[in-house]
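Below, chains carry the letters A, B, ... as their sequence lines are ordered, and counting in each starts from 1.
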Amino acid sequence: MLYNTFQHIPGIGKKTEEKIWKKQILTWDLFLSEHKKINISESKIKKICKYVELSKIEIEKKNHLFFLPLLSRSMHWRAYPEFADNCCFLDIETTGLSRDYHDITTIAVYDGKESKVFIQGKNLDEFRSEIKKYSLIVTYNGICFDIPFIEQKLPDIGFDHLHVDLRFALKKIGYSGGLKSIEKQLGIVREGDICDVDGYEAVRLWKRYKRGDKRALDKLMKYNIEDVVNLKTLMDITYKNLREKSFSCIQ
DNA sequence: CTACGGAGCTGAGAAAATCA
DNA sequence: TGATTTTCTCAGCTCCGTAG
């Protein structure tokens, strides 16, 4: 819902955006044609028009870097439909929680259709070029965990993506308590033989693989893929909810 | 085992609205 | 027009919770 968004304009906050929406001006184009209806100062109108024109051009170019410095993190979810074609769901498995003492084992990336797994000791390097394809990344707790972890282990990757962290987005719509718990609350079920796998089990699977158990790696990959595929389901639900919640001020 | 940025709150200061 | 009040944005501050 970037097309409905005005809060990325400097000096425009929640209040002004709601004021605009309440006049049934829900889109950039409607603002340009009908801004006379709104009771806000001339200087703000001018500024908004300028930024709306710019935003239209940049969104046409699919240039997420225009929006990155303007849009606060907590609103990156609004760019989900506009950047759906350049969006990926990301999750890593590691040998532990500490960036200093532990390593990445696998990274799963799902573009909404296909999933890929990058594996330590095999093709982890290919993740560098893969991630460059995307404008928007969706994770769970990735802001605190996955992204800083990857940045430390693969320091030459410069993350310049829009980023929806579902941990915080889901909290806004009333869900908290860990990814597995939220999946349960929403009735998302995991497949048979990996329904009992959690993060710590993923660490043990990697150790079994390193001791020569090839099937342990298959199971780990399967788990990692299921994680990212489920992220899309969660993102779809979250987006729909947050959008409705935003517009609930219009009555 | 561990760090990090989000949410939420507060107050400063700018901008805008109101009044004389 | 100039002075005062009100509204609004934003930066700074703690605290908390989640990841393998």
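If you find the closest nucleotide of DNA chain B to A:S41 and to A:K171, the one lying nearer the 5' end belongs to A:K171. For A:R167 and A:T105, each mapped to the nucleotide of DNA chain C holding its nearest heavy atom, the one lying further toward the 5' end belongs to A:R167. In this structure, A:R99 and A:A169 both approach DNA chain B, and ranking their closest nucleotides by distance from the 5' end singles out A:R99.
We find that NZ of A:K207 is positioned 15 Å from P of C:dG20, with the value rounded to whole Å. In this entry the distance linking CD of A:Q152 with P of B:dT2 reads 13 Å, nearest Å. Rounded to whole angstrom, the span from the CD1 atom of A:I147 across to the C1' atom of B:dC4 amounts to 13 Å. Atoms CG (A:D100) and C1' (B:dC4) sit 13 Å apart, rounded to a whole Å. In this structure, A:E151 places its CD atom 9 Å from P of B:dG5, rounding to the nearest Å. With rounding to whole Å, A:K19 atom NZ is found 8 Å from C:dT7 atom C1'. Atom CZ of A:F6 is separated from atom P of C:dC8 by 17 Å (rounded to the nearest Å). Here the C1' atom of nucleotide B:dA16 and the CD1 atom of A:I45 are 13 Å apart, to the nearest Å.
Across all strands, A:S74 comes closer than 4.0 Å only to sugar-phosphate atoms, never to a base (heavy-atom distances). Across all strands shown, A:G96 has heavy atoms under 4.0 Å from base atoms, whether or not it also approaches the sugar-phosphate. A:L97 comes within 4.0 angstrom of a nucleotide base, judged by non-hydrogen atoms across all strands. A:D91 comes within contact range of the sugar-phosphate backbone alone, with a heavy-atom separation under 4.0 Å but no base atom that close. When heavy atoms are screened at a 4.0 angstrom cut-off, A:G142 is found touching no nucleic acid atom at all. At the heavy-atom level, A:Y101 lies under 4.0 Å from the strands shown only through sugar-phosphate atoms.
Contact annotation: A:S98 side-chain N/O to B:dC1 OP1/OP2 distance is not under 4.0 Å. Listed pair A:S43 / B:dA15 fails the phosphate criterion, with no side-chain N or O lying under 4.0 Å from OP1 or OP2.
Comment: A:E58 engages A:K61 in a salt bridge, judged by a side-chain N to carboxylate O separation of less than 4.0 angstrom.
Residues meeting the ring-ring contact (aromatic ring centres under 6.0 Å, His included) test with A:F149, sequence neighbours left out: A:F145.
Of the listed nucleotides (B:dG6, B:dT2, B:dG5), B:dG6 has the atom at the smallest distance from the side chain of A:F168. Side chain of A:T16, nearest nucleotide from C:dG20, C:dC8, C:dG17: C:dC8. The A:K172 side chain lies nearest to B:dA7 when the options are B:dA7, C:dG17, B:dT2. Comparing C:dC8, C:dA19, C:dG17 by their nearest atom to the side chain of A:Y140 picks out C:dA19. The nucleotide whose nearest atom lies closest to any side-chain atom of A:V203 is, among B:dA16, C:dG20, C:dG17, C:dG20.
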*Test ring pair (Phe, Tyr, Trp, His ring centres under 6.0 Å) on A:W77 and A:Y80 and set out the steps.*
CA-CA 5 Å; A:W77 63 269; A:Y80 181 52; 9.7 Å; no
*Show your working on salt bridge (charged side-chain N to carboxylate O under 4.0 Å, His left out) between A:E130 and A:K133 and close with a plain yes or no.*
CA-CA 6 Å; A:E130 174 69 17; A:K133 296 181 193 167; 2.9 Å; yes
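The shortest distance between side-chain heavy atoms of A:Q185 and A:S181 falls below 4.5 Å.
Donor-acceptor pairing under 3.5 Å, judged by distance alone, is absent between the side chain of A:R73 and the base of B:dG5.
A:Q152 and A:D100 form a side-chain donor-acceptor contact under 3.5 Å, judged by distance and modelled atom types alone.
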